[in-house]
Engineer: 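What follows is a single structure, and I will ask about it in a moment.
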Amino acid sequence: MADQDWTGVEGKRVVITGATAGIGLAAATELARRHAELTIVARSWQRAHDAAARIAHESSWRHEPDIVLADLSSQQEVRRLAVELLERHPRIDVLANNAGAVNTRRVTTEDGIELTWAVNHLAPFLLTTLLLDRLTASAPARVITTTSDAHAGARIPFDDLESGNDTAKGFRRYGQTKLANILFTSELARRTEGTGVTANCYHPGFVASNFNRNNGMRMRIAMTLARPFARSNERGADTLVWLADSPAVNGQSGWYFVDRRLGKPSAGALDHLAAERLWTLSERQVDGTAPAGDGG
């Protein structure tokens, strides 16, 4: 079945990460209003339970979303998450890789991977590839990844990542992960061409959410001062919902969107050789064969 047969999310299984707050919660609520069968992925049971109740109440949908718990910084947890999703759902029609973070301090995960890289890039890479057969069997199906214009000017430090000498952190690393999201989308689209699975990513704009409030008092103050200039969570989520629901993007794959329009990513995001190299490196990082030293 081709993606041209897509008629919207009503009755379709939509899995979304990072849906307990911010644009993820706003997107999940709107998708529920459109009668999607929702599964939200969260780290905290209480936050997930509260979000599910709020989604059901605000959308007036007939039941609360399904909840699956996972810490996306852990590759073992991502693998368990994929198994649980496959056991629960014979179909997965939309996978929205929305969870993300920025960390001003350098922290490494239990897998020896820098935390922002692990959550923002490797988690969606691993989860998507583990679910890809189910997505293909459910075609037409869509993979949507939340990126950012913070990718502009970034470059992937392949040599450092491959040698284990990587020391990136903070907003520099965040920009690299957002570039990785676009390159991942491009390569996924190439690899799924003709399968009925499409892959697209989008920039939500500067959103007035709780994002980046985990990095100390100075950053919380900065985000509070910037709040009057930010867009709402609902506006930030609009393109995600549109990419999940709209027949207007039937058959379109491998693109970067801003406000429901094709955006122009950086030259580095259009480097197909870099996209292939990133895919190969990511495969090695999730199977443990790439060096992962914390670099100090």
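Basis for what follows: all heavy atoms, side chains included, without hydrogens, waters or symmetry-related copies.
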Engineer: Taking NZ, NE, NH1 and NH2 as the nitrogens, is one of them in R106 or E114 under 4.0 Å from a carboxylate oxygen of the other?
Structural biologist: no
Engineer: Can you tell me how far the NE2 atom of H121 sits from the OG1 atom of T147, to the nearest 0.5 Å?
Structural biologist: 11.5 Å
Engineer: Got a donor-acceptor contact below 3.5 angstrom from the S138 side chain to the A141 backbone?
Structural biologist: no
Engineer: Please work out which of the three classes, parallel, tilted or perpendicular, describes the rings of F171 and Y174, given edges at 30° and 60°.
Structural biologist: perpendicular
Engineer: Assigning hydrophobic clusters by single linkage (Ile, Leu, Val, Met, Phe, Trp, Tyr; side-chain heavy-atom cutoff under 4.5 Å), is W279 placed with F158?
Structural biologist: yes
Engineer: How about I67 and T39: do any of their side-chain heavy atoms sit closer than 4.5 Å?
Structural biologist: no
Engineer: Salt-bridge test for R142 and D245: reply yes if a basic N is under 4.0 Å from a carboxylate O, no otherwise.
Structural biologist: no
Engineer: Show every side-chain hydrogen bond (donor to acceptor under 3.5 Å, both in side chains) that has at least one partner inside residues 178-188, sequence neighbours left out.
Structural biologist: K178-N181, E187-R190, E187-R191
Engineer: Has R43 got a side-chain atom pairing as donor or acceptor with L69's backbone, closer than 3.5 angstrom?
Structural biologist: no
Engineer: Is there a path of hydrophobic side-chain contacts, each under 4.5 Å between heavy atoms of I/L/V/M/F/W/Y residues, joining L85 to V83?
Structural biologist: no
Engineer: Could you go through R33 and E10, starting from their C-alpha distance and side-chain angles, then the distance that decides it, and tell me whether this counts as salt bridge (charged side-chain N to carboxylate O under 4.0 Å, His left out)?
Structural biologist: CA-CA 9 Å; R33 286 194 185 100; E10 183 173 2; over 6 Å; no
Engineer: Say you draw a straight line from CG of L127 to CG of L72; how long is it, rounded to the nearest 0.5 Å?
Structural biologist: 7.5 Å
Engineer: Do T128 and L95 come within less than 4.5 Å of each other through their side chains, counting heavy atoms only?
Structural biologist: yes
Engineer: How far apart are the C-alpha atoms of R79 and D287, what are their side-chain angles, what is the distance that settles it, and do they pass the salt bridge (charged side-chain N to carboxylate O under 4.0 Å, His left out) test?
Structural biologist: CA-CA 11 Å; R79 293 181 187 279; D287 73 12; over 6 Å; no
Engineer: Given the rule in the side chain to side chain contact (heavy atoms under 4.5 Å, CB included) test, do L240 and N98 qualify, once you have shown the distances and angles that lead to the verdict?
Structural biologist: CA-CA 9 Å; L240 190 164; N98 174 69; 4.1 Å; yes
Engineer: Does D159 come within less than 4.0 Å of R277, counting only side-chain N to carboxylate O?
Structural biologist: yes
Engineer: Is it the case that one hydrophobic cluster holds both L179 and L115, taking links as side-chain heavy atoms less than 4.5 Å apart, direct or via other members?
Structural biologist: no
Engineer: Can you confirm whether V249 sits close enough to T198 that some side-chain heavy atom of one is under 4.5 Å from a side-chain heavy atom of the other?
Structural biologist: no
Engineer: Side chain to side chain contact (heavy atoms under 4.5 Å, CB included) for L25 and R54? Distances and angles first, verdict last.
Structural biologist: CA-CA 9 Å; L25 177 57; R54 178 174 169 180; 3.5 Å; yes
Engineer: For the pair R13 and D93, find out whether any cationic side-chain nitrogen is under 4.0 Å from an anionic carboxylate oxygen.
Structural biologist: no
Engineer: Rounded to the nearest 0.5 Å, what separation is found between the OG1 atom of T239 and the CD1 atom of I23?
Structural biologist: 9.5 Å
Engineer: Please round to the nearest 0.5 Å and tell me the distance separating atom OG1 of T108 and atom CG of D166.
Structural biologist: 11.0 Å
Engineer: Does the side chain to side chain contact (heavy atoms under 4.5 Å, CB included) test come out yes or no for F257 and Q252, once each step is laid out?
Structural biologist: CA-CA 11 Å; F257 288 89; Q252 296 191 49; 3.7 Å; yes
Engineer: Taking atom CD as the centre, does E110 end up with more than 12 heavy-atom neighbours from other residues, nucleotides or ligands that are less than 6.0 angstrom away?
Structural biologist: yes
Engineer: Take S282 and L122 through the test side chain to side chain contact (heavy atoms under 4.5 Å, CB included) and record every step on the way to the result.
Structural biologist: CA-CA 7 Å; S282 303; L122 287 182; 4.1 Å; yes
Engineer: Does the plane of the ring in H203 sit parallel, tilted or perpendicular to the ring in Y256? Use 30° and 60° as the thresholds.
Structural biologist: parallel
Engineer: Assess, by modelled atom type and distance only, whether the side chains of N103 and T116 contain a donor and an acceptor separated by less than 3.5 Å.
Structural biologist: yes
Engineer: Compare all side-chain heavy atoms of D66 with those of V68 and state whether any distance is below 4.5 angstrom.
Structural biologist: yes
Engineer: Do K12's NZ or CZ and the ring of W6 fall within the cation-pi criteria of under 6.0 Å and 45°?
Structural biologist: yes
Engineer: Compute the ring centroids of Y202 and W242, then answer whether they are less than 6.0 Å apart.
Structural biologist: no
